[in-house]
Amino acid sequence: VFTSLKSIPPSFLLECSGLTSINLGSLSRITSLPERFLHFCSGLKTIDLTPLSNVSKIEVGFLYGCSGLTEIDLRPLRGVVHLQPRFLHGCSGLQSLIPIHHPSGCLLYTSPSPRDS
């Protein structure tokens, strides 16, 4: 549908609780995710972040309140150098999280961290 997107407006797909899955393939040219992108999409069960491999900046609230997510692989986001608060906050259904092993040697975990167990 969106074949040549270069940017996403803030609050895009905000509170889409009926959304159960999403194909982000058309977002492969995006380098920055705006505030509240996929915010409170509580019905979202799966998401493949692979098309977001060019993203270097994530603003406040990406995937905030997506309590339906049970697993997520963050490795496609290894190019992120700017991460704002509330990323994956409120994703209480997460049972599996594959973290980012950043090239700088830092290991990025989100809350809740697997170390919290």
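- Across all their heavy atoms, Arg75 and Ile98 have their closest contact at NE-CG2, 3.5 Å.
- Partners of Tyr64 under the ring-ring contact (aromatic ring centres under 6.0 Å, His included) rule, at least two apart in sequence or in another chain, are His39, Phe40, His89.
- Closest non-hydrogen pair, Leu33 versus Leu52, comes out as CD1-CD1, 4.1 Å.
- With sequence neighbours excluded, no residue forms a salt bridge (charged side-chain N to carboxylate O under 4.0 Å, His left out) with Lys45.
- Residue pairs meeting the salt bridge (Lys or Arg N to Asp or Glu O under 4.0 Å) criterion with at least one member in residues 8-26: none, sequence neighbours excluded.
- Here the SG-CG distance, from Cys41 to Leu14, works out to 7.5 Å after rounding to the nearest 0.5 Å.
- Under the salt bridge (Lys or Arg N to Asp or Glu O under 4.0 Å) criterion, the residue pairs touching residues 46-70 are Lys57-Glu59, with sequence neighbours excluded.
- Within the 4.5 Å cutoff, side-chain heavy atoms of Ile72 are placed close to those of Leu63.
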Solution key, residues 80-88 side-chain donor-acceptor pairs under 3.5 Å, sequence neighbours excluded:
unit_1 : atom_1 : unit_2 : atom_2 : d
His82  : NE2    : Gln84  : NE2    : 2.8

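- Judged purely by atom type and a 3.5 angstrom limit, Asn54 uses its side chain to pair as donor or acceptor with the backbone of Ser28.
- Here the straight-line distance linking atom OG of Ser56 with atom CZ of Arg78 works out to 15.0 Å at 0.5 Å rounding.
- Counting heavy atoms from C-beta on, the side chains of Thr70 and Leu94 never come closer than 4.5 Å.
- Ile22 meets the side chain to side chain contact (heavy atoms under 4.5 Å, CB included) test with Leu13, Leu19, Leu24, Leu38, Leu44, Ile47; sequence neighbours excluded.
- Between Gly25 and Asn23 the shortest heavy-atom distance is N-OD1, 2.7 Å.
- Atom OG of Ser32 is separated from atom CZ of Phe37 by 11.0 Å, given to the nearest 0.5 angstrom.
- Rounding to the nearest 0.5 Å places OG1 of Thr46 at 8.0 Å from CG of Leu69.
- The heavy-atom pair separating Cys91 from Cys66 by the smallest distance is SG-O, 3.6 Å.
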